[in-house]
Number of protein chains: 2
Amino acid sequence: MKKKLTISTEDYLKTIYELTENGESASTNALAQRLKISAPSVTGMIKKLASAKPALVEYQKHQGVTLTREGKRAALEVIRHHRLLEAWLVQTLGYSWDEVHEEAERLEHVISEDFEQRIAAAMGHPTRDPHGEPIPTEDLKMPADTSVPLSALRSGQGGIVTCVKSSETDLLRHLEELGLVPDAEITVMDYSPFDHNLTIKVGRKTTVLGLSITSKIFIEVESGA
Amino acid sequence: MKKKLTISTEDYLKTIYELTENGESASTNALAQRLKISAPSVTGMIKKLASAKPALVEYQKHQGVTLTREGKRAALEVIRHHRLLEAWLVQTLGYSWDEVHEEAERLEHVISEDFEQRIAAAMGHPTRDPHGEPIPTEDLKMPADTSVPLSALRSGQGGIVTCVKSSETDLLRHLEELGLVPDAEITVMDYSPFDHNLTIKVGRKTTVLGLSITSKIFIEVESGA
DNA sequence: CGTAAAATTTAGTTATTCCTAAATTTTTGT
DNA sequence: ACAAAAATTTAGGAATAACTAAATTTTACG
Ligand SMILES: [Mn+2]
Ligand SMILES: [Mn+2]
Ligand SMILES: [Mn+2]
Ligand SMILES: [Mn+2]
């Protein structure tokens with residue numbers, strides 16, 4: 001019943017999962033951009049995924065795709081691999097959080113379920129990866145997460161950084177220097193409605209961040225102070 | 001200059017290396033058998049490897065193949081990955097020596113040079129994998145090895161097991177039970193010229209082994225007692 | 001509403017890497 | 001030496017996954 005999926009297929013499913021987490025369907029173009037593959041190629045692959053048996057995606061022309069139960073399962077499997085691997089690389093091989101993504105991107109497709117279980121056990125079954133993203137459980141449920149983008153906060157609000165949704169080395173290094181890492185406590189000091197800049201206090205430092213950054217940092221809101 | 005090789009290509013080169021270690025060229029059929037690919041497919045791939053630039057193999061019809069300097073380099077790279085990974089899986093994740101091969105077989109193609117260096121450093125730059133096979137050095141030289149197959153020894157001869165050349169789970173488990181693992185000291189008690197069986201003493205145990213086993217166990221001969 | 005722009009799909013190719021069946025070459029055994 | 005067997009290559013083809021160019025559909029907006 002469970003067929004071996006190709007690396008390519010796994011990458012599509014993972015990306016569709018990420019693009020549909022907000023409840024919307026994933027568009028051909030969005031997939032093409034994320035996967036760095038041409039739009040016609042994406043259309044072709046989507047058709048194959050939709051007519052696989054069991055179908056991995058639900059697809060109607062011009063309407064984008066969503067994952068079927070099977071597709072979601074496969075996506076969560078890959079995401080679990082990816083995030084466990086990132087945690088493992090950081091904890092046991094001294095990688096920094098800005099170096100792990102590419103390595104995990106390739107390893108995620110080739111490790112066995114045995115390997116997965118061993119690294120999970122060795123780390124004490126972690127629930128978040130080094131960027132703070134939740135790791136799907138062994139039975140492939142994505143843990144609930146109530147955090148919101150920093151960009152949604154306003155002056156006086158604050159909380160704890162749960163997660164930084166980025167794999168850009170430069171940005172991650174920059175944020176680390178600012179102390180904007182998971183578990184950091186932050187407070188919004190000011191909001192500029194014109195450019196959506198936020199002035200943030202992290203520890204004793206104060207920084208101004210643009211929307212392209214604040215939309216990638218997620219906060220568990222703590223109080224309206 | 002250095003192009004990325006495909007997984008398939010890497011597996012061919014690795015296998016050609018192994019088949020040509022004895023100085024002979026690797027035949028199409030031998031490759032087909034080892035790689036579990038049909039002979040015509042092997043012929044096709046060999047032609048491509050031979051006409052790549054730079055060429056990875058030397059090939060003349062019906063004469064088998066050998067590696068060029070470039071091909072050998074690439075093969076040693078993969079072999080180093082494989083053996084380091086096996087050692088690492090055993091040392092850090094508690095795999096046993098009969099479980100590591102398949103996992104390493106897939107991982108060897110996707111780890112970065114950075115990953116390679118990190119695990120090598122973490123283990124203190126080991127020189128042998130869990131089966132005792134020598135690990136090519138960082139500058140891709142295969143360490144010299146003067147050990148000989150156990151099958152070449154006769155009554156009274158003995159030495160230290162350096163290496164077991166097998167990836168068969170069952171055989172490896174069996175040998176482990178007998179204590180026939182790297183660094184074990186053994187002595188040949190008897191030789192039967194008809195079936196080539198050897199009677200071996202390992203510690204206080206005595207065992208009779210057939211040629212299909214003794215040809216896979218390598219010994220650093222210690223004395224003619 | 002109706003058209004221009006944007007998004008998506010269709011059509012036609014290409015590159016890899018594998019396959020089976022058949023032909024050819026080499027090796028082997030008497 | 002020579003026929004049978006074994007090894008190898010040739011021929012033809014399939015599956016996967018990518019591409020560009022062109023056609024079509026949807027959307028956006030004046
Ligand atoms: Mn990937
Ligand atoms: Mn898994
Ligand atoms: Mn391999
Ligand atoms: Mn390497």
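In what follows, every chain begins at residue 1, and chains take the letters A, B, ... in the order their sequences are listed. When reading the values below, keep in mind they use all heavy atoms of this one structure, side chains included, and skip hydrogens, waters and symmetry mates.
Listed pair Thr43(B) / dT9(D) meets the phosphate criterion, a side-chain N or O lying under 4.0 Å from OP1 or OP2. The side chain of Asn29(A) places no N or O atom within less than 4.0 Å of a non-bridging phosphate oxygen (OP1 or OP2) of dA6(C).
Under the 6.0 Å distance and 45° angle rule, Lys165(B) counts as a cation-pi partner of Phe218(B).
The distance from atom NZ of Lys4(B) to atom C1' of dT16(C) is 16 Å, rounded to the nearest whole Å. At whole-Å resolution of the value, CG in Leu49(A) and P in dA17(D) are 9 Å apart. dT8(C) atom C1' lies 15 Å from atom CD of Gln33(A), rounded to whole Å.
In summary, the side chains of Glu18(B) and Thr15(B) do not present any donor paired with an acceptor at a separation below 3.5 Å, with no hydrogens or angles considered. Neither side chain, His82(B) nor Asp129(B), offers a donor N or O lying under 3.5 Å from an acceptor on the other.
Between Phe115(A) and Trp88(A), the ring center distance fails the sub-6.0 Å criterion.
Using a 4.0 Å heavy-atom criterion, one finds that Thr28(A) contacts the sugar-phosphate atoms exclusively.
Environment of CD in Glu58(A): sparse, with no more than 12 heavy atoms of neighbouring residues, nucleotides or ligands closer than 6.0 Å.
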Enumerate the protein-to-nucleotides 11-16 of chain D contacts in which both atoms are nitrogen or oxygen and the separation is below 3.5 Å.
none

What protein N or O atoms touch nucleotides 24-28 of chain D N or O atoms at under 3.5 angstrom, if any, and at what distances?
none

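The listed nucleotides are dA18(D), dT8(D), dA17(D); the one nearest the side chain of Thr9(A) is dA17(D).
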